[in-house]
Amino acid sequence: MPQSPFADLPDTTGHFGRFGGQRIPAELKRVMDEIDAAYEEIRVREDFRQELADLFADYVGRPSPIFHARRLSEQLGGAQIHLKREDLNHTGAHKINHCLGEALLAKFMGKTKVIAETGAGQHGVALATACALVGIPCEIHMGQVDIEKEHPNVTKMKILGADLVAVTRGTATLKDAVDSAFEEYLKDPQQYIYAIGSVVGPHPFPKMVRDFQSIIGREAREQFQARHGRLPDHVAACVGGGSNAIGMFTAFLEDDEVRLVGIEPAGEGLDTPRHSATLTLGKPGEIHGMACYVLEDAEGQPMPVHSIASGLDYPGVGPQHSYLKEQGRVDYVSATDDECLEAFLTLSRVEGIIPALESAHAVAWAMRTAPTLSADQHILVNLSGRGDKDADYVAARLGL
Ligand SMILES: *Cc1c(COP(=O)(O)O)cnc(C)c1O
């Protein structure tokens with residue numbers, strides 16, 4: 001068989017083609033290389049694999065099922081839509097998959113504290129959960145503005161025992177929380193570990209987080225094959241940093257007959273500055289220690305980005321997605337805030353499933369695409385999370 005262009009990436013320097021790497025100071029490189037060495041050691045160890053597999057089964061509730069959205073498919077009149085139900089995971093989304101991996105790694109390395117930032121609080125809650133389970137202190141930095149907006153998640157993190165640091169500098173939102181968390185980490189990178197919340201940041205994080213999330217696609221490929229005796233024609237997932245999408249896509253990269261589609265947030269429109277469609281409209285650059293597609297303003301600064309889904313508004317994107325775009329293996333498209341809201345409400349009312357606003361972007365693409373295909377075609381959508389967190393916001397916005 002010819003060597004696949006996707007096998008064995010990243011290379012030993014953490015590159016996916018020209019993307020990824022470690023665009024960080026030398027002393028941090030040493031720490032990242034230690035993390036990589038520890039990860040490569042436990043990754044192949046039977047006791048670690050078994051512990052993670054047991055937690056996935058007994059704690060997260062894996063395997064998550066695939067649900068055939070029959071009524072939605074019928075209503076749209078075209079391809080069959082299937083949902084990989086990551087929304088049914090403990091804590092309500094895919095993020096728990098890599099947070100458990102990161103917490104176990106931190107414990108293995110003898111780290112005394114896990115540090116992270118959170119925007120809407122989803123990563124914070126998943127990480128606080130994993131740290132409570134593993135028994136390791138956890139410190140979450142969050143902008144004061146976000147703290148006031150995301151009350152339920154703030155409460156959950158406190159109940160779970162995390163130390164919540166309110167960040168009041170600058171605009172008191174996600175970017176300031178990242179700066180604050182990173183400063184705390186740099187005080188003692190030997191003792192602490194910074195738990196990144198997606199397939200972004202310096203090597204080895206894009207690789208590690210992908211590996212922990214790849215359980216999604218491994219399960220889905222097997223489940224679909226077992227039920228239908230074939231693979232789906234289209235596999236779709238929303239892309240913020242890109243962790244749920246790469247977790248789904250990895251199992252299908254070698255299946256040329258499967259079209260892979262990543263859906264970015266077009267916000268209020270690609271012709272406005274109010275979007276976060278990094279792969280669609282950005283260009284190659286650097287952000288947060290990696291080379292990847294970036295949305296920049298005229299001065300070369302990361303653009304202020306927008307999406308109705310706070311988990312998708314990031315001006316960078318995972319380096320592997322940047323690579324897969326250039327290789328032409330994955331199509332990156334977008335859905336607007338309005339399309340997302342429509343999909344959110346439709347899936348809720350036709351199937352009784354309230355999706356996360358992030359995941360609703362992928363559902364919106366499926367709803368747009370299904371009618372253009374025949375009824376014997378199959379679309380598999382990764383439903384990355386549930387929409388409890390978004391229910392009040394959507395109800396207020398739509399005047400329900
Ligand atoms: C955080 C989040 C996302 C976006 O993150 P990715 O790394 O792009 O997957 C998507 N869906 C849900 C439900 C989330 O919580």
Side-chain angles (χ1 to χ4, degrees), residues 64 83-99 101-102 116-129 146 150 152-153 156 174 195-201 205-217 236-250 261-265 276-279 288 290 292-293 305 307-322 324 330 332 334-335 340 343-344 347 353-365 381-391 393-394:
S64 64
L83 307 171
K84 175 66 170 163
R85 302 287 311 273
E86 291 297 295
D87 61 313
L88 294 178
N89 293 346
H90 179 47
T91 69
H94 69 290
K95 285 193 174 76
I96 190 69
N97 299 332
H98 71 251
C99 285
E102 287 178 328
E117 83 288 341
T118 194
Q122 295 303 109
H123 177 51
V125 170
L127 194 64
T129 301
D146 292 330
E150 307 290 346
N153 278 341
K156 281 186 203 163
L174 179 62
I196 295 182
S198 187
V199 283
V200 299
F205 281 91
K207 170 183 74 175
M208 247 165 41
V209 172
R210 173 201 64 194
D211 292 353
F212 292 137
Q213 288 296 350
S214 63
I215 183 73
I216 301 175
C238 66
V239 178
S243 67
N244 87 88
I246 210 76
M248 178 58 115
F249 295 165
T250 297
V261 185
I263 296 93
E264 297 195 299
S276 186
T278 310
L279 289 162
H288 295 146
M290 61 175 166
C292 64
Y293 271 72
V305 285
S307 166
I308 191 171
S310 50
L312 300 182
D313 57 357
Y314 181 58
V317 67
Q320 190 168 5
H321 286 291
S322 304
L324 291 169
V330 180
Y332 294 93
S334 61
C340 162
F344 178 97
L347 192 67
I353 297 172
I354 304 176
L357 283 171
E358 290 82 5
S359 326
H361 283 75
V363 176
W365 176 83
V381 174
N382 193 26
L383 202 72
S384 54
R386 68 175 87 124
D388 305 31
K389 65 186 179 60
D390 303 310
Y393 171 81
V394 172

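Remember, it's 1-based here, ligands and their atoms both numbered in the order they're listed.
Just one residue in the list L357, V394, D390 forms a side chain to side chain contact (heavy atoms under 4.5 Å, CB included) with I308, and that residue is L357.
For ligand 1, the polar-atom distance check finds no N/O of A356 at less than 3.5 Å from any of the ligand's N/O atoms. Ligand 1 has a nitrogen or oxygen under 3.5 angstrom from a nitrogen or oxygen of G241. Taking distance alone, with nitrogen or oxygen atoms compared against 3.5 Å, E358 stays at or beyond that limit from ligand 1. For ligand 1, none of its N or O atoms has an N or O atom of S359 under 3.5 Å away. Some N or O of G242 is nearer than 3.5 Å to an N or O of ligand 1, by distance alone. Residue K95 has at least one N or O atom closer than 3.5 Å to an N or O atom of ligand 1.
Between the S276 side chain and the L312 main chain, a donor and an acceptor come within less than 3.5 Å of each other. Between the side chain of S307 and the backbone N or O of A309, at least one donor-acceptor pair lies under 3.5 Å. Although no hydrogens or angles enter the test, the distance criterion places no donor-acceptor pair under 3.5 Å between the side chain of E117 and the main chain of L174.
Separation of the Y314 and H288 ring centroids falls under the 6.0 Å cut-off.
Residue contact check: G240 has heavy atoms under 4.0 Å from atoms 8 (O) of ligand 1. Counting the atoms of ligand 1 from 1 in the order shown, those under 4.0 Å from a heavy atom of H94 are 2 (C), 3 (C), 9 (O), 10 (C), 11 (N), 12 (C), 14 (C). Of all atoms in ligand 1, numbered sequentially from 1 with element shown, those under 4.0 Å from a heavy atom of G385 are 13 (C). Taking every non-hydrogen atom of S243 and a distance limit under 4.0 Å, the qualifying atoms of ligand 1 come out as 6 (P), 7 (O), 8 (O), 9 (O). Contact atoms of ligand 1 toward C238: 10 (C) (distance under 4.0 Å to a heavy atom of the residue). Remark: ligand 1 atoms within the under-4.0 Å shell around heavy atoms of S384 are 10 (C), 11 (N), 12 (C), 13 (C).
Nearest approach of S310 to E358, heavy atoms of both residues: N-OE2, 3.7 Å.
Atom 5 (O) of ligand 1 has its closest protein heavy atom at G311 O, 4.0 Å.
Between the side chains of S243 and Q213, not a single donor N or O lies within less than 3.5 Å of an accepting N or O. A side-chain donor from one of E86 and N89 sits under 3.5 Å from a side-chain acceptor of the other. Looking at T129 and H90, their side chains never bring a donor and an acceptor atom within 3.5 Å of each other.
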